Every structure is written in C-alpha cells, then in structure tokens.
Amino acid sequence: MNTSLSDSSRNPLFPRGPGLGLKLTLFVTLSIVLMVAENRGSQKLEPLRQWLSWALTPVMWIAASPAEVADGVDHFRSRESLLTDNRELGERLLKQDARLLRLEALEAENARIRELLASSSSLQDRVLIAEILATSQDPYRHQIVLNKGARDGVYRGQALVDAEGIMGQVVQVNRGSSVALLITDPDHGIPVEINRTGLQTIALGRGDGHGLSLPYLPGNADVKVGDLLVTSGLGGRFPAGYPVGQIHELKHAGGESFMEAIAYPKAKLNQGRQALLVWSERALTPPDAGEAPVTVPIDLPPAPEAAAKPVSP
C-alpha cells in the first residue's frame, strides 16, 4: 500500500529562506547603524539599551555561574587545604618545641660535663665520670647512688668532686654501683684548711643539706667571713687544695675558748647528674689485712646489683 503525505505536512531537512550572505549583510548593517547612533549620543536608543541590558541579565548570570561555582569550589578546597596545613604545622611545631626542650637539657648537661672535664685536667689524677642514679629520700641522710662500682675500679673512701669542689666520698661499693656520702651529711667529716691563713681543722656536715660546721676553731683564730676552705690532703683520701666551702658565719659562745664557723659547700650538691670519682695515691696501696670495713647505714631505694657484697679498697 502506498501512502502519500501532503506537501504541507512535509518538513524539509533544509528549509529554504534568505541566504547566509543576505543575513550577514543585514546584521552588519544593523550593527553599523547602532554604532553610529551610539557615537552621536542619540538618546533614542537609551530605552532599548536598558531593556536589552535587563533582558540579558539572566543570560549573563547563567554564563558567569560556572566560573563563580568553580571559584567557590577552589575557595573551599583552599580553605580545607589551609586548615590541614595549619593542623600539620601546629603538630610539627609542638614536636619541634619538645625536641627543643630536650636539646636545651642536653646542652646544659654537655656544659656540665665540659666543666667536669675541665676540672679533671687540673687534678693531675685519674678520674672517672659517674652518673647519679638516685638520692636519699631521708632529709637527715645525704647520700647518692652512682652507676660506677667495683668493676670500674671504684673503692670505698674514694673522693667525689664536681666542677666547683668536693662533694663527698664513697662509703659502699657494689659490682656495678656505689653509694657516696655527701659532705653535708651529719656523719661526714673532712680535713680542711683556711686558704688565706693555712689554719687546719675539720669540717663536719650539719645535716641541713647546705651547711658545714667548723666547731673546733680557737677563739682567737684568724678566720673571716668569706674565707675559702680547701682540702688539706691529710688522710690521703681527698686531693689537697681542692675547694670545699666558704665561711658564711662565725659564732662566738660566751665563756668558751672555741668558736664555730658555718660554711657553705662550693660543690653543687643538688644540681646536675654527673660527678667525678678521683683516684688518690692511697688507692694504689693495698689495705691492711686487719683493716675492718667501715659500714655506714644507708636508706636509699634499691640500686642496681645492690645485693652484691661491698668491696673494700
């Protein structure tokens, strides 16, 4: 069966109309007329211009929307990136601050070690740097635990010093650790002499943690506040001429033939974590066979290998 469509119902693929050249000529002419009218300042086209501007506003807004949306997305991404970078920088800064604190502590520790090494060069004796592991918790017992013991050659009675002066002496030796008695302990005494006059006496620990007592000075002794106390070398345990303390106060009891001097130690007993163990000439001489070991009661937390027997020098 043949079917036919009327001519009016047919939609040609290429409808006929004015040619492209005619359309181009028309629009070019219209553009020239509008430009000429605009240059001459004609007010007749102003309503048309305003109407076209109003009519084309949605078109312009739609055309600009993709760029604005892209800018908003970029701004959001930039904000998120900045927040992430800020968070990472904050964490990094916190870590760097913690490292800086550690570096400051290490720098101070290195400075103290350099001071110890500098002081050891003036001793002209064998020395060993020891780490302080613990201190006595009893306010009336001034003792410390060191990480050096018999396997390092430490012996009972060995002098302990820092960069400023005498700290004390070793009273108990284990295989890998030792216990030292500080010069401020009430059971400690050290032979000293006044550096200015050469007067020799004994400096005893007061037990208050920061004072020494010189109780046996003659009433007419030439002693002044500020005089330096140094080791006299008597007994052979402490190197002679090493600073011990400085006279801070003189006490004259009425009717007594003696006076008492109060001195402050030169060593920094409560500062730092290192000290120097000094070998004296006496350490090279073996002890007498009949010499009984000196025991000093200690009240410290257990030290490494504390169960080992003390080794006598």
Side-chain angles (χ1 to χ4, degrees), residues 119 132 134-146 156-172 178-272 275-278 280 282 294-300:
S119 64
I132 298 176
T135 59
S136 175
Q137 302 299 319
D138 188 345
Y140 301 103
R141 306 298 300 174
H142 306 155
Q143 300 171 346
I144 56 177
V145 178
L146 306 174
R156 185 169 52 83
Q158 187 171 9
L160 185 70
V161 305
D162 69 359
E164 304 295 331
I166 297 291
M167 294 183 65
Q169 61 178 303
V170 176
V171 294
Q172 180 177 327
S178 56
V179 179
L181 191 70
L182 300 180
I183 59 176
T184 54
D185 190 278
D187 289 341
H188 191 280
I190 177 173
V192 298
E193 68 178 30
I194 298 176
N195 192 48
R196 182 176 59 87
T197 63
L199 177 64
Q200 296 184 351
T201 183
I202 301 294
L204 304 176
R206 289 174 56 87
D208 56 3
H210 60 272
L212 300 173
S213 174
L214 285 68
Y216 308 120
L217 294 174
N220 59 351
D222 184 9
V223 181
K224 298 180 180 179
V225 173
D227 281 345
L228 177 66
L229 301 177
V230 298
T231 51
S232 63
L234 297 179
R237 289 192 173 184
F238 298 95
Y242 208 73
V244 176
Q246 193 168 17
I247 301 296
H248 176 71
E249 181 183 356
L250 296 175
K251 294 183 178 181
H252 297 269
E256 296 290 339
S257 58
F258 293 94
M259 68 175 178
E260 180 184 8
I262 306 300
Y264 287 160
K266 295 291 290 183
K268 299 177 181 179
L269 302 180
N270 298 322
Q271 301 179 22
L276 279 176
L277 289 164
V278 182
S280 64
R282 181 179 177 182
V294 179
T295 58
V296 179
I298 58 174
D299 186 12
L300 291 170

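Here the structure is a predicted model, which is why all the values come from computation and not from measurement.
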Original post:
Are side-chain heavy atoms of Leu269 and Ile144 found at a separation under 4.5 Å?
Top reply: no
Subject >> Minimum-distance pair of heavy atoms, taken over all atoms of Ala221 and Met259 >> reply: O-CE, 3.7 Å
Original post:
If every non-hydrogen atom of Lys266 is compared with every non-hydrogen atom of Pro243, which pair is closest and at what distance?
Top reply: CG-CB, 4.1 Å
Subject >> Test log, rule side-chain contact (heavy atoms from CB on, under 4.5 Å), inputs Ile190 and Leu212 >> reply: CA-CA 10 Å; Ile190 177 173; Leu212 300 173; 5.7 Å; no
Original post:
With no hydrogens and no angle check, is any side-chain donor or acceptor of Gln246 less than 3.5 Å from a backbone partner on Gly226?
Top reply: yes
**OP:** Decide yes or no on side-chain contact (heavy atoms from CB on, under 4.5 Å) for Ile132 and Leu146, but give the supporting numbers first.
**Re:** CA-CA 5 Å; Ile132 298 176; Leu146 306 174; 3.9 Å; yes
Original post:
Going by heavy atoms in the side chains, are Leu160 and Leu277 under 4.5 Å from each other?
Top reply: yes
**OP:** Go through His188 and Val171 one step at a time and tell me if the side-chain contact (heavy atoms from CB on, under 4.5 Å) criterion holds.
**Re:** CA-CA 10 Å; His188 191 280; Val171 294; over 6 Å; no
Subject >> Among Thr184, Asp185, Asp208, side chain to side chain donor-acceptor pair (under 3.5 Å) partner for His142 >> reply: Thr184
Original post:
Distance-only, no hydrogens or angles: does the Asn195 side chain make a donor-acceptor pair with backbone N or O of Val230 under 3.5 Å?
Top reply: no
**OP:** Could you tell me whether Arg141 and Asp187 make a salt bridge, using a distance below 4.0 angstrom between a side-chain N and a carboxylate O?
**Re:** yes
Original post:
Quick one: does Thr231's side chain have a donor or acceptor within less than 3.5 Å of a partner on Tyr242's backbone?
Top reply: yes
**OP:** Begin from the C-alpha positions of Leu229 and Ile194 and carry the test side-chain contact (heavy atoms from CB on, under 4.5 Å) through to its verdict.
**Re:** CA-CA 5 Å; Leu229 301 177; Ile194 298 176; 3.8 Å; yes
Subject >> Under 3.5 Å: donor-acceptor pair, side chain of Arg206, backbone of Ile262 >> reply: no
